[in-house]
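Shown next, in structure tokens, is the structure this report addresses.
Atoms within each ligand, like the ligands themselves, are counted from 1 in listed order.
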Amino acid sequence: MVRASLSSLVLTALLLPSATLGGVVPRAPESFDYVIVGGGAAGSVLASRLSENSGVSVLLLEAGPDNQGVPEGIIPYIYGRNFFSRYDWNYTLVPTPGLNNRQNMPYFKGHVLGGSTAINGMTYTRGPASDWDRIASYLGDSSWTWNNLQNLFKRSEAFEAPPGPPNNRYTPSVHGTTGNIGVSLNLNNPWIVPPTLQAASDVGLPYNQDVNSGNPIGISWQQFAIKNGERSSAAFGYLTAQNAARSNLNVRVNAKATRLIPESGSPLTFKTVEYVDQVTGSTVQVVANREVIVSAGVVETPVLLQKSGLGDAAELQAAGITVRLNIPAVGKNFIEHPGVPLSWSVNTTLTDDEIDRNTNNLFDQELQQWQNSRTGRLAQTSLTHIMYGRIPSNHSIFQTVADPSGGPNAPHYELIVANKWTTQTPRPATGNFIGMTNFVMSSTSAGSIRVNPSNPSGPPLIHTNSLNTAIDRVIMRHALRTAIAYMRSPAWAPFNIQPAFDASVANSDATLDAFIASNAFGGAHGVGTAKIGRANSPAGQDVVGPNFRVKGVQGVRVVDASILPFVPNGHAMVPVYIVAEKAADLIRSGN
Ligand SMILES: Cc1cc2nc3c(=O)[nH]c(=O)nc-3n(C[C@H](O)[C@H](O)[C@H](O)COP(=O)(O)OP(=O)(O)OC[C@H]3O[C@@H](n4cnc5c(N)ncnc54)[C@H](O)[C@@H]3O)c2cc1C
Ligand SMILES: *[C@@H]1O[C@H](CO)[C@@H](O)[C@H](O)[C@H]1NC(C)=O
Ligand SMILES: *[C@@H]1O[C@H](CO)[C@@H](O)[C@H](O)[C@H]1NC(C)=O
Ligand SMILES: *[C@@H]1O[C@H](CO)[C@@H](O)[C@H](O)[C@H]1NC(C)=O
């Protein structure tokens with residue numbers, strides 16, 4: 001800390017005199033064909049694909065550091081160590097009633113090459129076919145249908161079949177095997193598999209051979225972005241080798257874009273990106289001869305647009321920002337997946353609580369094994385299966401509210417069993433647990449991201465507005481009641497399972513709602529804050545057109561989670577890979 005601030009003081013002292021000298025002719029800024037802001041899921045794909053053409057120069061700016069060789073970036077089991085670290089933006093949420101107005105609720109976001117794919121839970125889900133088809137009909141563009149995206153899903157994926165002949169734990173034909181992101185199943189913890197599967201059947205969730213077949217409903221073996229026992233992040237899958245091999249690809253880490261600077265005259269055009277070198281503190285400008293692509297993620301993309309004068313005019317004025325173009329949709333329509341984690345005690349010692357406590361040096365032994373062979377329990381997480389379900393079609397809510405999902409094979413909720421304590425309060429010093437995290441998937445509560453008017457250069461106001469709609473609350477209650485019934489299945493009885501919370505809260509909607517508000521977290525799958533729309537939709541209703549160009553502006557595209565009008569119901573990483581693969585093809589074809 002002391003050393004860092006001393007050196008930045010020295011640097012400031014060195015820089016000040018030249019900055020205050022008049023009449024110095026500045027050097028022309030460096031230029032590239034494409035300048036991509038943000039090296040996360042989308043930015044890594046774009047930098048990789050666009051630089052396949054050696055005649056095209058690409059600069060990728062990433063605010064965070066690189067994490068090559070960093071254990072918590074590679075060892076799947078310890079991914080949680082990235083939270084509240086230098087690899088996390090350390091955001092907190094604006095207090096919101098659906099989360100009982102709790103203060104300082106964390107909102108994790110990757111601040112590292114690879115973005116959130118470098119710190120996330122690695123769950124690999126494409127979402128249901130019907131949700132992609134819904135985007136296609138929303139855009140009136142059949143290239144977005146599930147069937148028409150299959151080549152991109154496969155191009156991005158390197159599925160690692162588990163040893164042995166193909167079996168009913170996955171469907172080989174739906175997977176790509178030679179793409180960028182490694183995908184595998186977790187075969188650890190065999191004790192948990194029989195009750196996990198049996199209990200699902202007892203609560204009416206059918207066995208589903210492959211969650212990524214287009215119909216995710218039921219219980220499936222979970223698939224993870226893990227390759228050969230290591231995290232397969234966007235950076236490791238799309239950038240590391242390419243960056244080393246291609247002189248036309250420039251990756252600059254610790255480079256935080258602060259604004260896009262407009263050209264003089266009209267039409268409104270942006271070519272120049274200003275960034276701050278996070279190590280030296282110096283401000284640098286770079287020029288994109290062809291275009292700037294903003295891939296800074298669902299929070300920082302709208303913030304960068306707003307800081308560049310593109311956003312809701314009233315919000316920009318309140319923050320003292322000169323309005324270049326009034327685009328009310330910037331930062332709106334922030335859709336998240338709220339989750340409630342629960343835990344139950346069990347009487348087996350085979351849970352991962354023993355790893356976390358390092359009982360009998362178990363963690364140390366597993367680490368040794370991982371280091372020797374990339375195998376063992378640290379080579380995966382504590383999750384093995386994933387469940388997707390729907391509220392009953394005769395639920396009274398449907399008398400007043402339309403089904404928010406994309407169709408009968410699209411989930412309303414998700415349940416994930418974990419082989420350890422999952423509640424966010426500290427784990428008890430003794431005992432063994434299993435957990436269940438319960439998510440609303442088809443969320444309709446829309447929040448917002450905006451520059452903080454009282455501190456425009458500080459963290460933005462992140463407002464999830466979680467559980468704000470009646471249907472979202474109905475779904476969350478149903479998910480929790482399903483989880484409680486699931487753990488009451490006779491399949492778990494041999495483990496003397498007991499809720500580690502007062503399960504009687506589920507007896508009435510009012511007590512359950514209060515419990516949910518006190519225990520839910522905001523999510524980590526945000527989308528929608530620079531949403532895509534049809535070319536001819538009413539002005540200001542969306543941000544980018546079908547070609548990902550910011551409407552009303554020349555020279556800028558947005559490609560990342562922000563453009564998704566709603567999240568294809570699953571975790572958001574694969575959808576973002578596919579959006580970026582699609583955008584890369586479009587850009588390369590000159591559209
Ligand atoms: C804790 C956590 C767990 C998750 N778990 C899963 C999961 O298990 N499965 C799943 O599918 N999805 C998961 N997700 C969601 C998934 O990771 C994201 O949806 C996906 O990474 C979004 O891609 P993106 O390109 O939009 O943004 P990101 O991947 O977040 O990348 C944005 C990048 O831009 C950089 N950036 C931002 N602002 C600037 C700036 N001004 N200048 C330069 N660079 C900038 C950021 O540092 C970051 O590297 C999780 C996310 C989190 C945070
Ligand atoms: C997040 O907080 C941690 C702990 O205070 C700190 O070490 C880290 O540098 C912070 N991350 C960023 C990007 O500032
Ligand atoms: C919905 O249908 C199920 C089974 O078909 C039935 O048991 C239940 O009572 C019905 N609920 C309502 C609210 O009608
Ligand atoms: C766990 O509890 C069950 C049910 O009470 C009991 O039959 C079993 O013997 C217990 N197992 C252990 C290891 O204590």
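What sits closest to atom 8 (C) of ligand 3 on the protein, heavy atoms only, is Asn394 ND2, 3.7 Å. For atom 7 (O) of ligand 4, the nearest non-hydrogen atom of the protein is Pro494 O, 4.7 Å. Among protein heavy atoms, atom 2 (C) of ligand 1 sits closest to Ala524 CB, 3.6 Å. Atom 18 (C) of ligand 1 has as its closest protein heavy atom Ser116 CB, 4.2 Å. The nearest heavy-atom contact from the protein to atom 47 (O) of ligand 1 is Glu62 OE2, 2.7 Å. Given atom 53 (C) of ligand 1, the protein heavy atom at minimum distance is Phe108 O, 3.1 Å. Of all protein heavy atoms, the one closest to atom 5 (O) of ligand 4 is Asn496 CB, 3.8 Å. Scanning the protein for heavy atoms near atom 25 (O) of ligand 1, the closest one is Ala42 N, 3.0 Å.
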Can Ser466 and Thr464 be said to form a side-chain hydrogen bond (donor to acceptor under 3.5 Å, both in side chains), step by step? CA-CA 5 Å; Ser466 299; Thr464 56; 2.8 Å; yes

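The parts of Asn120 lying near ligand 1 are both backbone and side chain, judged by heavy-atom distances below 4.0 Å. When non-hydrogen atoms are compared, ligand 1 lies under 4.0 Å from the side chain of Phe83 (C-beta onward) but not from its backbone. Counting heavy atoms under 4.0 Å from ligand 1, residue Trp89 touches it through the side chain alone.
Side-chain contact of Tyr34 with Ser51: a donor-acceptor pair under 3.5 Å is absent, judged by distance alone.
Remark: atom 12 (C) of ligand 3 lies closer than 4.0 Å to at least one protein heavy atom.
Between atom 37 (C) of ligand 1 and the options Ala561, Ala296, Pro106, the minimum heavy-atom separation is to Ala296.
Atoms of ligand 4 lying under 4.0 Å from any heavy atom of Ala493, numbered from 1 in the order shown and given with element: 4 (C). Of all atoms in ligand 4, numbered sequentially from 1 with element shown, those under 4.0 Å from a heavy atom of Asn347 are 1 (C), 2 (O), 3 (C), 8 (C), 10 (C), 11 (N), 12 (C), 13 (C), 14 (O).
The 12-atom threshold is exceeded at NZ of Lys307, counting heavy atoms of other residues, nucleotides or ligands nearer than 6.0 Å.
Within the 4.0 Å heavy-atom cutoff, Gly110 counts among the residues contacting ligand 1. By the 4.0 Å heavy-atom criterion, Ala118 is excluded from the residues contacting ligand 1.
Checked by distance only, ligand 1 and Met122 come closer than 3.5 Å through their nitrogen or oxygen atoms.
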